[in-house]
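Take a look at the structure below.
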Amino acid sequence: MSRPRVVHVTSVHPAHDIRIFHKECRTLAAAGYEVILLATGDAGGDSGGAPPGGLSGRCGGRGEGGRWEDVRIRMLPRPRRRWQRMTTTLYRIYRAALAERADCYHLHDPELLPVGLLLRRRGRVVYDVHEDVPLQVLSKHWIPPWLRPWVSRLVRRVEAFCARRLDGAVAATPAIARKCAAWGVPCATVQNFPLPAPEPFDGTPYTARGPLVVYVGAITAERGLREMVAAMARLPESLGARLVLAGEFSPAGLAEEARAWPGWERVIHLGWQDRQQVQRLLGSARVGLALLHPEPNYVECYSTKSFEYLQAGLPVVASDFPLWRSVLGETGGAVLVDPLDPDAIARAVQHLLEHPEEARAMGEAGRRAAAERFTWERQAEELLAFYRRLLGTGAGESPDRRAAPGAAAGTTGAAEARMGAEAACTTGGRAGS
């Protein structure tokens with residue numbers, strides 16, 4: 001009996017995206033599904049191609065691909081312009097996806113919804129809602145402010161029109177799941193909690209580390225770049241503190257602008273880092289920053305990095321949003337501040353650096369909370385239960401019933417995976433996002 005074939009499709013995210021490839025694709029492959037990932041980019045390149053480490057077999061050309069971690073990856077050319085992404089790229093994706101003759105197509109970008117309507121004739125189609133796109137539109141700098149509410153409403157209507165005609169949805173947060181429920185399709189809440197660390201966090205003892213403060217993810221104004229740099233300028237020079245940024249600037253011109261800000265002389269920019277490099281960085285740092293601005297799309301979701309900092313045993317200085325306070329604040333591993341106030345950020349960082357034993361104890365409390373409450377293993381069970389309902393009981397289970405990546409045998413079912421208001425969305429950037 002052949003295995004159910006699942007094609008994950010993205011026109012925006014890199015093939016090595018943590019949620020798409022490392023979590024969902026690998027979880028399904030480990031459970032016995034035949035999994036294909038269809039993405040755009042240069043295979044093998046950090047800028048959007050294959051997972052770090054390369055692909056086995058021949059890859060790199062038009063429509064070529066390879067296999068990595070039991071997932072077959074097929075790369076299509078990356079569009080050079082936005083209009084190409086919305087036209088020729090969508091057509092190529094449709095043809096490539098159709099050729100795979102899948103039992104289920106799992107879409108990861110809202111622009112793929114029209115493609116999903118066409119693929120619906122061939123197999124089941126699932127829409128993975130990473131973020132609340134209509135809320136995102138309200139913060140898009142390239143859309144004139146007066147036009148954003150109108151565009152947001154249009155996007156909401158088009159998204160709902162298409163999603164109602166698909167077979168199901170996967171929501172990254174409970175808030176998004178509530179929106180999906182209005183579409184009247186089966187929905188699973190698969191939160192973006194971290195994978196088990198690729199290597200132990202047993203490097204330099206916490207109190208022996210240098211005064212390093214880290215931020216991992218996409219480096220943007222909305223994610224607090226200006227405030228982080230300004231906070232560094234306010235720290236006493238005697239502390240010797242340095243801010244390490246691991247990620248890429250967006251837009252690229254922001255990097256040149258930031259170099260002129262007071263405090264930039266205390267910043268180290270590493271650029272994009274793979275998961276192993278990120279773990280080593282977190283194992284050498286003393287504080288993690290997650291200072292998203294209070295924008296509509298951010299206040300109802302988390303930076304995945306907050307949970308990765310906790311997992312690494314780092315105390316976190318994070319935005320004081322009500323939802324974050326109800327979850328991060330209860331871990332004992334976070335200090336919540338006004339993300340728009342560099343003075344408040346500096347005071348929190350300074351206190352943690354000047355009181356290493358207290359900070360170490362906070363980090364340990366956060367690590368325990370992450371291990372008990374914020375784990376991908378539980379979310380993997382939710383994903384697999386959703387697929388069993390979608391494709392039939394027992395579909396995709398391999399003969400030896402292998403577990404999902406990082407999951408222990410006997411993990412609890414979908415009901416335990418629901419964490420109420422505890423949510424994490426993919427706001428993290430390309431640095432191990």
Side-chain angles (χ1 to χ4, degrees), residues 12-14 47 82 130-149 151-152 155 213-235 241-273 278 287-306 308-309 316-321 323-324 335-349 424-433:
V12 176
H13 300 276
S47 62
R82 188 183 301 274
H130 294 208
E131 298 182 90
D132 193 319
V133 179
L135 288 182
Q136 260 192 331
V137 168
L138 297 175
S139 304
K140 293 293 187 182
H141 61 85
W142 49 271
I143 301 177
W146 64 269
L147 188 58
R148 291 172 193 169
V151 176
S152 178
V155 169
V213 182
V214 299
Y215 167 81
V216 179
I219 304 172
T220 71
E222 297 80 11
R223 289 175 170 87
L225 176 62
R226 184 180 293 273
E227 290 77 16
M228 289 189 287
V229 175
M232 296 303 297
R234 289 161 168 76
L235 293 176
R242 293 294 181 268
L243 170 63
V244 182
L245 302 176
E248 296 176 340
F249 286 92
S250 180
L254 182 62
E256 189 63 32
E257 180 184 347
R259 292 188 182 99
W261 297 344
W264 184 259
E265 68 278 3
R266 300 181 181 182
V267 175
I268 301 169
H269 179 223
L270 298 181
W272 185 87
Q273 304 286 288
V278 168
V287 180
L289 301 181
L291 297 164
L292 278 65
H293 284 188
E295 298 193 353
N297 190 46
Y298 289 160
V299 295
E300 290 294 332
C301 68
Y302 290 116
S303 165
T304 306
K305 299 308 165 191
S306 299
E308 294 181 359
Y309 297 150
V316 183
V317 177
S319 302
D320 189 7
F321 300 154
L323 183 60
W324 294 35
V335 179
L336 303 179
V337 300
D338 180 352
L340 303 180
D341 185 350
D343 290 318
I345 298 168
R347 286 193 298 270
V349 171
C425 72
T426 40
T427 60
R430 290 271 311 285
S433 62

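Note that this is a predicted model, so its numbers are computed, not measured.
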Legend entry - With sequence neighbours excluded, residues passing side-chain contact (heavy atoms from CB on, under 4.5 Å) with Ala255: Phe249, Arg259
Legend entry - Closest non-hydrogen atom pair between Ile219 and Leu254, with its separation: O-CD2, 3.8 Å
Inset, instruction - Tell me, with the steps shown, if His130 and Gln136 meet side-chain contact (heavy atoms from CB on, under 4.5 Å). - result: CA-CA 11 Å; His130 294 208; Gln136 260 192 331; over 6 Å; no
Inset, instruction - Using a 4.5 Å cut-off on heavy atoms from C-beta on, say whether the side chain of Leu291 contacts that of Tyr215. - result: no
Legend entry - Interatomic distance, Leu245 atom CG to Leu270 atom CG [nearest 0.5 angstrom]: 8.0 Å
Inset, instruction - Return yes if some donor-acceptor pair links the side-chain N/O of Arg242 with the main-chain N/O of Ile268 below 3.5 Å, else return no. - result: no
Inset, instruction - Quick one: do Leu289 and Leu243 satisfy side-chain contact (heavy atoms from CB on, under 4.5 Å)? Show the steps, please. - result: CA-CA 9 Å; Leu289 301 181; Leu243 170 63; 3.9 Å; yes
Legend entry - Closest approach of Asp343 to Arg234 (non-hydrogen atoms, all atoms of both residues): OD1-NE, 2.7 Å
Legend entry - Minimum heavy-atom distance between Ser250 and Thr220, given as atom pair plus value: O-CG2, 3.5 Å
Inset, instruction - Starting from the C-alpha separation in whole Å, work towards a yes-or-no answer on side-chain contact (heavy atoms from CB on, under 4.5 Å) for Glu295 and Leu138. - result: CA-CA 8 Å; Glu295 298 193 353; Leu138 297 175; over 6 Å; no
Legend entry - Closest approach of Arg266 to Leu235 (non-hydrogen atoms, all atoms of both residues): NH1-O, 2.7 Å
Legend entry - Spacing of CD belonging to Glu300 relative to CZ belonging to Phe321, to within rounding of 0.5 Å: 10.0 Å
Inset, instruction - Give the minimum heavy-atom separation between Asp320 and Pro339, together with the two atoms involved. - result: N-CD, 4.3 Å
Inset, instruction - Over all heavy atoms of both residues, which pair between Val155 and Pro134 is shortest? Give the atoms and the distance, please. - result: CG1-CG, 4.1 Å
Inset, instruction - Evaluate the side-chain contact (heavy atoms from CB on, under 4.5 Å) criterion for residues Trp324 and Leu292: first the C-alpha distance (whole Å), next the side-chain angles of each, then the deciding distance (0.1 Å), finally the verdict. - result: CA-CA 11 Å; Trp324 294 35; Leu292 278 65; 4.2 Å; yes
Inset, instruction - Check whether any side-chain heavy atom of Arg226 lies under 4.5 Å from a side-chain heavy atom of His293, and answer yes or no. - result: no
Legend entry - From CH2 (Trp261) to CE (Met232), nearest 0.5 Å: 14.5 Å
Legend entry - Inter-residue atom distance Asp338.CG - Glu227.CD, 0.5 Å rounding: 9.0 Å
